[in-house]
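In what follows, chains are A, B, ... by sequence order, proteins preceding strands, each numbered from 1.
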There are 2 protein chains.
Amino acid sequence: MVQIPNTPAPTKPPAPRPVPTSADVARLAGVSRATVSYVLNNTSAVRISEPTRRRVHEAARELGYVPHAAARSLRAGHSRVVLMPTLPVPAGPLYSQFVHDFQGALSRLDYTVVQYGTSGLRGDDAARAWAELRPVAVLVPTPGIGPEGVAVLKRSGARAVVTLSPVPVEGAHALLLDHARVGQSAAEHLHARGRRRIGVVVPEEPGMEIFSGPRLTGAREALRGTDATVVELRLAYTQKSAAALAARWADLGLDAVFAYNDEYAMLLMRALTDAGVRIPEDTAVIGADDLMLGRLLRPTLSTVRIALPSGSELAALVDRAVRNPGAEPESHPLSGATVVHRESS
Amino acid sequence: MVQIPNTPAPTKPPAPRPVPTSADVARLAGVSRATVSYVLNNTSAVRISEPTRRRVHEAARELGYVPHAAARSLRAGHSRVVLMPTLPVPAGPLYSQFVHDFQGALSRLDYTVVQYGTSGLRGDDAARAWAELRPVAVLVPTPGIGPEGVAVLKRSGARAVVTLSPVPVEGAHALLLDHARVGQSAAEHLHARGRRRIGVVVPEEPGMEIFSGPRLTGAREALRGTDATVVELRLAYTQKSAAALAARWADLGLDAVFAYNDEYAMLLMRALTDAGVRIPEDTAVIGADDLMLGRLLRPTLSTVRIALPSGSELAALVDRAVRNPGAEPESHPLSGATVVHRESS
DNA sequence: TTGAAAGCGGTACCAT
DNA sequence: ATGGTACCGCTTTCAA
């Protein structure tokens with residue numbers, strides 16, 4: 001944008017050249033818009049002479065023409081967009097990897113994955129916002145949608161809705177990912193190893209309750225009716241917070257702790273060790289998510305492994321569902337949660 | 001494509017009810033499409049009687065009407081979409097946090113962030129694919145775009161293009177994020193601490209070379225002309241690979257290693273320690289990214305901190321650029337890379 | 001207060 | 001081998 005000095009032009013915005021359209025290309029090439037469309041899309045049903053093709057391509061290049069996706073899909077009546085609302089919290093390593101794989105697999109199937117940030121909206125409002133994009137499929141990663149939400153999406157043309165959450169939702173394919181099971185498995189493991197006063201870490205970071213709530217509840221339920229007790233421990237992901245918690249450890253009198261996930265477990269283990277608490281002798285520690293770091297710590301960290309579906313499996317499911325929208329929604333239990341016992345417990 | 005009902009229709013798909021449009025709402029409410037638009041958008045320039053409003057809302061609700069974003073923005077001639085191509089590799093914690101913040105900040109400014117997966121395409125093809133969405137702004141997180149790409153985007157109506165990469169790109173705002181500086185700082189630090197045979201870890205995971213290349217190069221350049229030598233060390237993010245590398249450690253005769261980032265550093269430190277290598281006595285280790293885990297390890301991990309811009313700062317920059325597209329592109333050096341010296345080096 | 005109609009940028013049918 | 005044109009769903013003048 002070169003400022004031309006001698007133009008006084010008080011209200012002359014930088015003359016935003018209008019975006020070139022296919023009509024502009026047609027004009028420049030001296031053909032019709034139809035021909036432009038045929039050429040640029042390599043329409044096989046129509047044969048266009050080589051000289052014309054060349055002229056069209058030439059004109060398009062010269063103008064820097066780029067087709068307008070919205071116009072195209074408006075006309076087509078459908079898109080190949082698979083929508084994925086972004087999580088309300090920063091993604092962890094597990095989820096990042098999953099999204100990456102899923103995206104790769106879907107793009108190999110010629111879909112386009114769009115992660116769409118809808119902070120603020122919840123429930124059916126969110127579903128409506130997603131539906132405005134007319135995605136061909138939607139993958140909802142948290143329990144952020146109900147039956148009406150699914151209905152809205154389907155009425156708006158979504159051929160498949162897949163939820164990644166603990167409970168199946170009417171009308172949607174379900175990947176049953178039960179965070180309560182994580183807490184339950186952890187608690188059962190600790191109880192089986194003879195622990196009776198069990199702390200459960202609940203992250204203080206906002207938004208995290210979506211995952212931490214069920215994990216806590218699951219632990220509680222697993223120990224209901226036993227001689228063990230559960231103590232909720234609020235912990236922020238800072239060394240300060242961990243040190244403060246460790247300082248009251250003796251008072252808490254806990255002999256075990258389920259630390260929400262491996263990262264919080266690492267943080268807490270460090271603070272406990274520094275405070276002279278021996279792991280696992282004084283207090284057993286178990287995390288979750290089976291991150292690499294748990295294998296690298298000393299003592300190695302026991303954890304609850306929770307298997308996300310492989311990206312390509314899920315992509316295949318989505319593709320199947322899109323091709324055959326009539327089919328009954330599938331429900332896939334995600335192989336629950338398995339305890340990986342290591343040294344810390 | 002209307003299916004004519006009296007056709008025997010052997011394949012009768014579940015009669016996919018057509019998606020309701022504003023025309024349907026108008027029909028049901030007994031008003032014109034214009035009125036529907038006025039009511040649903042609360043157009044202030046026009047006063048619609050209360051009974052009519054009610055009827056329209058009623059009809060919309062009954063049909064489950066959701067406006068068609070593509071049609072709307074086609075008509076409007078613009079959108080509030082800020083496009084962010086997804087990284088070619090799974091996002092790390094640093095980047096996840098950044099994206100999360102950026103997204104939140106932008107949505108507070110009434111933009112919509114879309115992460116768009118364009119695997120496979122590169123360079124100008126990718127830019128064209130992005131341009132098809134007619135975003136109002138684009139944030140390109142890796143050196144994946146050149147001046148022509150920027151030009152394509154701008155010609156397609158993008159009012160701001162921001163790159164997050166080592167070198168400024170003509171026409172785009174730049175957040176200068178110099179990965180070479182990271183390697184350079186790490187190498188200088190190790191050299192200053194008396195180390196002379198310095199290994200540099202290069203992840204074997206595909207796609208990572210985008211970041212690891214510059215880090216390696218930076219280290220090389222920092223030590224050029226000194227008495228120190230650089231050895232490139234390929235390492236996959238597995239314990240096996242780390243153990244294999246540790247097994248040849250004596251042969252390598254290295255007294256220091258820059259481990260690409262904190263996660264690889266942790267992996268390698270573990271393997272080295274298990275192999276009897278003392279840190280930092282025998283070999284100094286430094287990572288990068290200043291993740292929490294580096295503070296939790298023992299010995300604590302030296303690292304190179306690289307500051308991403310805060311999400312809200314960047315959101316503000318984008319907003320400014322969108323409002324004032326004529327302005328000269330800004331170039332913001334991202335406070336380089338600072339060494340955080342801890343016990344491991 | 002409401003409706004008719006043009007038009008945003010493409011695509012694809014039907015002529016020529 | 002090409003061109004004319006209707007139409008996708010929505011917004012927004014302009015009239016009534």
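Between A:Arg72 atom CZ and D:dC7 atom C1' there is a gap of 17 Å when expressed in whole angstrom units. Look at CZ on B:Arg27: it is 11 Å from P on D:dG9, rounded to the nearest Å. Atom-to-atom, CD of B:Glu132 to P of C:dG10 comes out at 10 Å; the value is rounded to the nearest Å. Atom P of nucleotide D:dT2 and atom CG of A:Leu40 are separated by 14 Å, given to the nearest angstrom. Look at CG on A:Asn42: it is 16 Å from C1' on C:dA12, rounded to the nearest Å. Between the CZ atom of B:Arg47 and the P atom of D:dT12 there is a distance of 17 Å, given to the nearest Å. B:Asn41 has its CG atom 16 Å from the C1' atom of C:dT2, to the nearest Å. Here the P atom of nucleotide D:dC8 and the NE2 atom of A:His68 are 18 Å apart, to the nearest Å.
Counting any heavy atom pair closer than 4.0 Å across all strands shown, A:Val66 reaches sugar-phosphate atoms only and no base atom. As judged by a 4.0 angstrom heavy-atom cut-off over every strand, A:Arg75 is placed among the base-contacting residues. Residue-level contact check: B:Thr52 touches the backbone only, with heavy atoms under 4.0 Å from sugar-phosphate atoms and none from bases. The residue A:Ser49 sits close only to the backbone: its heavy atoms come under 4.0 Å of sugar-phosphate atoms, none of a base. Residue contacts shown for B:Arg134 are limited to sugar-phosphate atoms, with no base heavy atom under 4.0 Å away. Nucleic acid contact class of A:Val31 (heavy atoms, under 4.0 Å, all strands): sugar-phosphate only.
Looking at A:Thr86 and B:Gln103, their side chains do bring a donor and an acceptor atom within 3.5 Å of each other.
Closest-nucleotide positions on DNA chain D for B:Ala71 and B:Ala34 were compared, and the one nearer the 5' end corresponds to B:Ala71. Two residues, B:Arg53 and A:Ala76, neighbour DNA chain C, and the one matched to the more 5' nucleotide by heavy-atom proximity is B:Arg53.
Salt bridge B:Arg61/B:Glu58: present, at least one basic N to carboxylate O contact under 4.0 Å.
Taking OG1 from A:Thr43 and CD1 from A:Ile48, the interatomic distance works out to 8.0 Å, rounded to the nearest 0.5 Å. The OG1 atom of A:Thr112 sits 9.0 Å away from atom CD of B:Glu132, with the distance rounded to the nearest 0.5 Å.
The 12-atom threshold is exceeded at CZ of B:Arg320, counting heavy atoms of other residues, nucleotides or ligands nearer than 6.0 Å.
Applying the 4.0 Å criterion to OP1 and OP2 of C:dG3, one finds that B:Thr35 has a side-chain N or O inside that range. An OP1 or OP2 oxygen of C:dG9 is reached within less than 4.0 angstrom by no side-chain nitrogen or oxygen of A:Thr21. Close to D:dC10, at under 4.0 Å from its OP1 or OP2, lies a side-chain N or O of B:Ser22.
By the 30° and 60° cut-offs, the orientation of the rings of A:Tyr95 relative to A:Phe98 is tilted.
No N or O donor and acceptor, one from the side chain of B:Tyr38 and one from the base of D:dC10, sit under 3.5 Å apart. Applying the 3.5 Å distance criterion, the base of C:dG10 shares a donor-acceptor pair with the side chain of A:Arg33.
Closest of all the heavy-atom pairs between B:Gly157 and A:Val19 is N-CG2, 3.8 Å. Smallest separation of non-hydrogen atoms from A:Arg323 and A:Arg159: O-NH2, 4.0 Å.
Considering only side-chain atoms of A:Val46, the nucleotide from C:dC8, D:dT2, C:dG3 that sits closest is D:dT2.
An end-to-end axis angle of 50° holds for the helix from C:dT1-D:dA16 to C:dT16-D:dA1, taken from five base pairs per end and rounded to 10°.
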